[in-house]
Each structure stands twice: as C-alpha cells, then as structure tokens.
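Worksheet for the structure shown next.
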Amino acid sequence: MKIAIAYESMYGNTRQIAEAVAAGLESLGEVELVAVNRGDAGPADDADALIVGGPTHMHGLATSMSRKGAAQAAEEEEDVSLEPGAAEGPGLRRWLTERSGDGKPAAAFDTRLDRSSFLTGAAARGIGKRLRGRGFEMIADPESFLVEDSEGPLADGELERAQAWGESLATSLRARD
C-alpha cells in the first residue's frame with residue numbers, strides 16, 4: 001500500500017507530527033511525506049490513502065496572510081526559524097482544491113495551541129471537510145496535536161501520540177482490505 005502524508009508547516013511542528021504519523025504507518029508499506037508548499041502533488045495523487053495536516057492559524061487553515069505573518073514573526077524572533085519555503089507555494093487550502101478522492105481513504109490532523117479548541121479553532125476539521133468535499137472517505141475523526149505556544153515547541157508526548165495515531169490509522173486501513 002502507498003500512503004502519502006501531505007502537510008503544511010511553518011515552524012516545523014506540523015512536519016514533526018507528519019513524520020511521527022509516518023512512523024506509525026510504516027507497517028503498511030511505502031509512506032511518502034509531501035510538503036504542499038513545494039507544489040509536488042504526484043506522490044499524493046498516486047497514493048492509495050492520503051493523510052493531510054496543517055497548522056491552525058486564526059481558528060482554521062492557514063491563509064496567505066497568516067503565512068506572511070508567521071514569516072514576519074520568524075524574522076523578528078531570533079529563536080524562531082521558518083521551515084524552508086514555508087511562506088511560498090500554494091498553501092494547503094489551494095492544494096486541497098486540486099485533489100480528487102474517488103472514495104480513497106483519508107484522514108486529517110492539525111497542530112494547534114494547547115488550549116480548548118473552542119478558543120483556538122482546529123484546522124483539522126476544515127481539512128476533513130475539504131477532503132470529504134473532494135470525494136475522499138474519512139477513516140478517522142480529525143485529530144489535533146498540541147504546541148506550547150504559537151511557534152512551538154510541541155507539547156510533551158505529542159510525537160508519541162502522533163505515532164500511535166498513525167498506528168491506529170494503519171489498523172483502520174488494514175481492516176478495509
């Protein structure tokens with residue numbers, strides 16, 4: 001089975017979660033990470049299943065304005081660095097509009113502040129809604145992984161939780177075969 005994990009990441013937190021989810025899915029076969037800002041959709045379009053994640057910005061998916069704000073914050077704070085190419089490319093919103101699922105299994109995740117989702121929002125819900133709208137079949141509820149503040153780091157235990165979530169997705173995908 002070929003699985004693609006497509007993600008958008010500004011400060012590296014969402015990328016780290018994507019890598020941990022990939023580790024949890026490795027038992028199924030080939031798992032490829034796709035940074036959507038680089039515009040390469042081939043692995044995602046050719047995959048048997050698609051897992052998509054992004055950071056929560058302003059209660060939902062990142063926008064061009066919020067990506068510019070994140071880039072500016074990285075310039076102003078010396079201990080914060082931006083992922084290579086993070087403020088460039090199509091962004092997750094546009095990238096998702098170019099996908100077609102035809103019943104392909106999918107799952108959604110996000111990174112967000114370690115506060116109530118009522119206060120922070122959760123990009124994973126929007127990602128899941130967009131995936132369903134593009135014809136994907138969701139195999140899990142949208143999942144949030146927590147960061148300590150807007151730039152990170154990830155909260156304690158989140159990488160382990162992400163790997164466990166990947167393992168649960170592997171179990172769901174195996175049950176479909």
Side-chain angles (χ1 to χ4, degrees), residues 1-10 13-67 83 86 89-113 117-118 120-147 158 161-177:
M1 176 174 274
K2 288 174 57 176
I3 301 165
I5 301 177
Y7 67 92
E8 178 175 17
S9 186
M10 298 305 296
N13 300 304
T14 308
R15 175 188 44 78
Q16 289 178 60
I17 293 296
E19 291 167 350
V21 172
L25 286 161
E26 284 178 344
S27 66
L28 288 179
E30 182 183 342
V31 181
E32 186 152 358
L33 294 168
V34 178
V36 301
N37 62 317
R38 295 189 185 128
D40 181 18
D45 292 338
D46 295 338
D48 300 310
L50 180 62
I51 314 303
V52 181
T56 300
H57 286 196
M58 302 184 308
H59 292 270
L61 281 120
T63 64
S64 59
M65 184 177 78
S66 70
R67 283 193 299 278
E83 288 277 285
L92 193 53
R93 283 175 186 265
R94 192 165 114 219
W95 188 88
L96 284 167
T97 66
E98 298 167 356
R99 308 282 72 78
S100 179
D102 287 332
K104 186 185 297 187
F109 70 93
D110 65 31
T111 52
R112 66 176 177 82
L113 282 173
S117 64
F118 179 74
T120 65
R125 289 189 294 241
I127 295 167
K129 181 179 177 180
R130 284 168 172 79
L131 286 167
R132 281 189 303 278
R134 303 300 300 166
F136 289 88
E137 181 186 335
M138 301 304 290
I139 59 168
D141 290 334
E143 188 66 45
S144 289
F145 297 94
L146 306 176
V147 296
E158 291 303 273
R161 200 166 68 78
Q163 184 169 344
W165 187 67
E167 291 166 359
S168 74
L169 294 175
T171 299
S172 294
L173 288 166
R174 265 191 218 96
R176 294 173 51 91
D177 285 345

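Taking each heavy atom of S9 and T14 in turn, the nearest pair found is OG-N, 3.4 Å. The shortest non-hydrogen separation linking F136 to P105 is CD2-O, 4.5 Å. Taking both residues in full, the closest heavy atoms of L131 and A108 are given as CD1-CB, 4.3 Å, listed atom of the first, atom of the second, then distance. Contact record, A6 with V36: CB-CG1, 4.0 Å, taken as the closest heavy-atom pair. The nearest pair of heavy atoms linking N37 to A86 is ND2-N, 3.4 Å. Contact record, T111 with P55: OG1-CA, 3.4 Å, taken as the closest heavy-atom pair.
Side-chain atoms of K129 and P142, non-hydrogen and from C-beta on, never get closer than 4.5 Å to each other. Side-chain contact check for R93 versus R130: some heavy-atom pair is nearer than 4.5 Å. Residues R67 and M10 have side chains in contact (heavy-atom distance under 4.5 Å, counting atoms from C-beta outward). Contact of the E158 side chain with the Q16 side chain is not registered, since no non-hydrogen atoms from C-beta on lie closer than 4.5 Å.
In this structure, the side chain of R176 does not engage the main chain of S172 through any donor-acceptor pair within 3.5 Å. The closest donor-acceptor contact from the side chain of T56 to the backbone of H59 lies at 3.5 Å or more, if one exists at all. For the pair Q163 (side chain) and G24 (backbone), a donor-acceptor distance under 3.5 Å is absent.
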*Does the side chain to side chain contact (heavy atoms under 4.5 Å, CB included) test come out yes or no for E19 and L33, once each step is laid out?*
CA-CA 8 Å; E19 291 167 350; L33 294 168; 3.6 Å; yes

_side chain to side chain contact (heavy atoms under 4.5 Å, CB included), that's the test. Do S117 and R125 meet it? Break it down for me._
CA-CA 11 Å; S117 64; R125 289 189 294 241; 3.8 Å; yes

*Go through the steps to decide whether L28 and L173 satisfy the test side chain to side chain contact (heavy atoms under 4.5 Å, CB included), and finish with yes or no.*
CA-CA 8 Å; L28 288 179; L173 288 166; 3.6 Å; yes

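Between I127 atom CD1 and I51 atom CD1 the span is 11.5 Å, to the nearest 0.5 Å. To the nearest 0.5 Å, the span separating NE2 on H57 from CG on L92 amounts to 10.5 Å. The CG atom of D45 lies 6.5 Å from the NZ atom of K104; values are rounded to the nearest 0.5 Å. Here the CD1-OH distance, from I17 to Y7, works out to 12.5 Å after rounding to the nearest 0.5 Å. Taken to the nearest 0.5 Å, the CD1 atom of I3 stands 8.5 Å off from the CG atom of L169. Rounding to the nearest 0.5 Å places CE of M58 at 4.0 Å from OG1 of T63.
At a threshold of 4.0 Å, the pair E83-R15 counts as salt-bridged, since one of the basic side-chain nitrogens sits closer than that to a carboxylate oxygen. Ionic pairing of E98 and R134 is not present here: no N-O contact between side-chain nitrogen and carboxylate oxygen is shorter than 4.0 angstrom.
A donor atom on one side chain and an acceptor atom on the other are found under 3.5 Å apart for S144 and R112.
Within a 6.0 Å radius of CG in D141, no more than 12 heavy atoms belonging to other residues, nucleotides or ligands are found.
By the salt bridge (charged side-chain N to carboxylate O under 4.0 Å, His left out) test, R132 pairs with no residue at all, sequence neighbours left out. Residues satisfying the ring-ring contact (aromatic ring centres under 6.0 Å, His included) criterion with F145, sequence neighbours excluded, are W165.
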